[in-house]
Amino acid sequence: MNLKIHFHLRLLKQTRSMIILAVETSCDDTGVSIIKVRNSKINILSNIVSSQIKIHKKYGGVFPSLAKREHQKNLPIVLKKALAEAKNPKVDLVAVTKGPGLEPCLWAGFNFTKELAEKMKKPLVLVNHIESHILVNWLELRNKKDIFPAMALVVSGGHTILILMKGIGKYKIIGETKDDAAGECFDKVARILELGYPGGPIIDKKAEEQRSRGIPPKFKVELPRPMIYQKNYDFSFSGLKTAVLYEFRSKSQKIRKSNNYITEMCLEVQKAIIDVLIKKTMKAAKDFRVKSVILGGGVVASKELKKRFQESGTEAGFKVIYPSAGYCTDNAVMTAITAFFHQGRKTKNWKTIKVNANLKIG
Ligand code: KG4
Ligand code: ZN
């Protein structure tokens with residue numbers, strides 16, 4: 001067995017328990033979580049997420065300096081709640097997201113956690129946010145065999161990225177979006193259709209409404225599937241958003257206000273995004289002869305996306321792994337789990353460590 005994978009499996013089997021406190025503030029969610037790992041079992045002692053959706057709704061997206069201020073305000077409250085819920089355990093390790101993410105938001109969490117680790121006199125581990133969207137899958141993973149090599153797809157508000165995974169910590173980016181991320185596309189389309197923020201869950205709900213009607217559509221909405229037949233593993237979603245804008249503008253006020261039209265548009269947008277994500281991921285999975293496909297990121301919260309990936313994966317002979325609903329969007333459990341796997345990477349250079357808004361994986 002590969003030495004590194006063997007090391008990670010041994011980590012999970014260790015008998016002494018380890019308690020990790022993690023903070024995540026890469027975007028607009030303030031998250032603090034405390035987990036306990038013992039004998040390959042990860043127990044969540046607390047997982048508090050304070051969402052800023054109400055504040056950013058007005059702007060139709062996240063306003064970074066405002067988000068930073070909210071994080072600074074929320075962090076002490078969220079920490080207090082997380083500690084109380086976990087019954088003030090003896091923490092062994094502290095972790096925080098280093099990047100990628102919105103720089104002011106990352107700094108808010110980083111400064112807060114650094115001070116906390118210093119006060120607690122505990123080691124600090126800095127975590128890659130993309131990696132944590134993948135490794136959160138280990139929370140509920142029962143069968144840890146036949147996973148690697150794996151093709152991981154992270155689809156969030158900031159990223160759409162395909163990563164070849166030879167093991168935990170062994171990553172190679174093989175494709176990513178050239179412009180907007182899939183979640184960003186959902187958010188921008190929702191803004192065009194005046195549906196609110198964040199767009200992903202709203203469009204998901206409207207698409208489901210249309211699907212459950214089970215009648216032929218009243219309006220025919222056809223959108224492109226950008227880059228679907230290109231041989232590379234890259235994505236592009238900004239053209240799809242523009243196509244929605246032109247399609248929407250071409251309709252009369254009356255049609256634009258019709259719920260039937262909106263639900264049909266949402267269904268088609270969702271189909272277009274899922275079609276491209278599946279085609280590219282399955283092609284990459286086949287080309288690199290992987291054993292499993294691992295999904296992560298806010299967009300994976302969509303039941304339809306998971307269902308379609310499961311169908312395509314089963315058909316092609318891949319194990320499809322994804323987090324349960326609450327662990328797709330940002331939370332600090334994912335940060336804590338990633339720190340567990342990288343517990344050896346303790347911060348030494350306290351004075352010079354920094355966040356990195358463009359931190360790469362691999
Ligand atoms: O991972 P995440 O919480 O934050 C980032 O790291 O970006 O992802 C947020 C994104 C948003 O763009 C949101 O619209 C999208 O995930 N999202 C969804 C769903 N729930 C959240 N997209 C599609 N369907 C959903 N059910
Ligand atoms: Zn995220």
Side-chain angles (χ1 to χ4, degrees), residues 22-31 33 47 49-53 56-57 59-62 64 67 71 96-103 105-106 109 127-137 152-161 176-177 180-193 195-209 211 237-238 240-241 266-267 269-274 276-278 295-309 322-335 337-338 357-359 361:
V23 174
E24 156 38 46
T25 61
S26 64
C27 193
D28 61 343
D29 291 305
T30 315
S33 168
N47 175 26
V49 180
S50 164
S51 164
Q52 301 178 7
I53 286 176
H56 300 291
K57 232 176 184 152
Y59 307 97
V62 183
H71 283 310
V96 67
T97 309
K98 176 179 180 169
L102 300 173
E103 185 151 350
C105 301
L106 290 166
V127 169
N128 181 305
H129 185 64
I130 296 181
E131 183 180 19
S132 63
H133 269 303
I134 302 171
L135 297 190
V136 74
N137 281 288
L153 171 74
V154 176
V155 253
S156 64
H159 298 91
T160 302
I161 184 164
E176 58 191 316
T177 183
D180 292 351
E184 193 178 353
C185 181
F186 277 127
D187 296 338
K188 287 179 175 171
V189 164
R191 207 180 311 163
I192 295 169
L193 304 179
L195 295 176
Y197 174 84
I202 304 170
I203 291 179
D204 197 14
K205 214 166 144 213
K206 294 259 173 208
E208 192 48 49
E209 188 183 325
R211 243 190 316 271
F237 292 107
S238 87
L240 181 60
K241 164 205 68 193
C266 289
L267 182 60
V269 171
Q270 189 192 53
K271 271 188 184 163
I273 291 181
I274 297 178
V276 178
L277 292 175
I278 288 193
L295 307 175
V299 178
V300 183
S302 160
K303 273 195 195 142
E304 180 66 11
L305 181 142
K306 284 184 275 210
K307 185 177 141 233
R308 292 216 22 219
F309 262 93
Y322 46 75
S324 57
Y327 302 107
C328 294
T329 47
D330 291 346
N331 61 83
V333 171
M334 61 196 227
T335 320
I337 294 175
T338 309
N358 301 310
L359 188 66
I361 187 171

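Everything numeric in this text was worked out from a predicted model, so none of it was measured. In each ligand, atom 1 is the first atom listed, and ligand 1 is the first ligand listed.
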Checking contacts here: is it the side chain or the backbone of [X] that comes within 4.0 Å of ligand 1, counting heavy atoms only? Could be both or neither.
{"X": "His129", "result": "side chain"}
{"X": "Asp187", "result": "side chain"}
{"X": "Asp204", "result": "side chain"}
{"X": "Pro201", "result": "both"}

Please state whether Lys303 comes within less than 4.0 angstrom of ligand 1, counting heavy atoms only.
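In this structure, Lys303 fails to qualify as a contact of ligand 1 - no heavy atom is under 4.0 Å.
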
Polar side chain donor-acceptor pair, Gln270 to Arg308, under 3.5 angstrom
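No, no side-chain donor-acceptor contact under 3.5 Å.
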
Any donor-acceptor pair under 3.5 Å linking the side-chain atoms of Glu24 with those of Thr335?
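Checked: Thr335/Glu24 side chains show no N/O donor-acceptor pair below 3.5 Å.
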
Return all protein N, O or S atoms below 2.8 Å from the Zn ion (ligand 2), chain by chain in residue order.
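Metal shell, protein only: His129 NE2, His133 NE2, Asp330 OD1.
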
Among Ala301, Gly298, Gly200, which one has a heavy atom closest to atom 21 (C) of ligand 1?
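Heavy atom nearest to atom 21 (C) of ligand 1 belongs to Gly298.
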
Qualifying residues under side chain to side chain contact (heavy atoms under 4.5 Å, CB included), relative to Val49, sequence neighbours excluded:
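Listed in chain order: Asp29, Asn47, Asn331.
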
Could you tell me the separation between the CZ atom of Phe237 and the OG1 atom of Thr177, rounded to the nearest 0.5 Å?
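Separation between the atoms: 6.0 Å.
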
What residue and heavy atom of the protein are closest to atom 3 (O) of ligand 1, and at what distance?
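Protein heavy atom at minimum distance: Asp330 N, 3.0 Å.
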
Where is the nearest protein heavy atom to atom 10 (C) of ligand 1: which residue, which atom, and how far?
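Nearest neighbour among protein heavy atoms for atom 10 (C) of ligand 1, to 0.1 Å: Gly157 N, 3.5 Å.
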
Using a strict cut-off of 4.0 Å, indicate which atoms of ligand 1 neighbour a heavy atom of [X].
{"X": "Gly183", "answer": "12 (O)"}
{"X": "Phe186", "answer": "22 (N), 23 (C)"}
{"X": "Ser156", "answer": "1 (O), 5 (C), 6 (O), 7 (O), 8 (O)"}
{"X": "His133", "answer": "1 (O), 6 (O)"}
{"X": "Gly158", "answer": "7 (O)"}

Please name all residues satisfying ring pair (Phe, Tyr, Trp, His ring centres under 6.0 Å) with His133, sequence neighbours left out, ordered by chain then number.
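Ring pair (Phe, Tyr, Trp, His ring centres under 6.0 Å) list for His133, sorted by chain: His129.
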
Could you check Val62 against Leu102 for side-chain contact (heavy atoms from CB on, under 4.5 Å), going step by step and ending with a plain yes or no?
CA-CA 9 Å; Val62 183; Leu102 300 173; 3.7 Å; yes

Which donor-acceptor pairs under 3.5 Å do the side chains of residues 153-161 make with protein atoms, sequence neighbours left out?
residue : atom : partner : partner atom : Å
Ser156  : OG   : Gly158  : N            : 3.3
Ser156  : OG   : His159  : N            : 3.1
Thr160  : OG1  : Ala182  : N            : 2.8

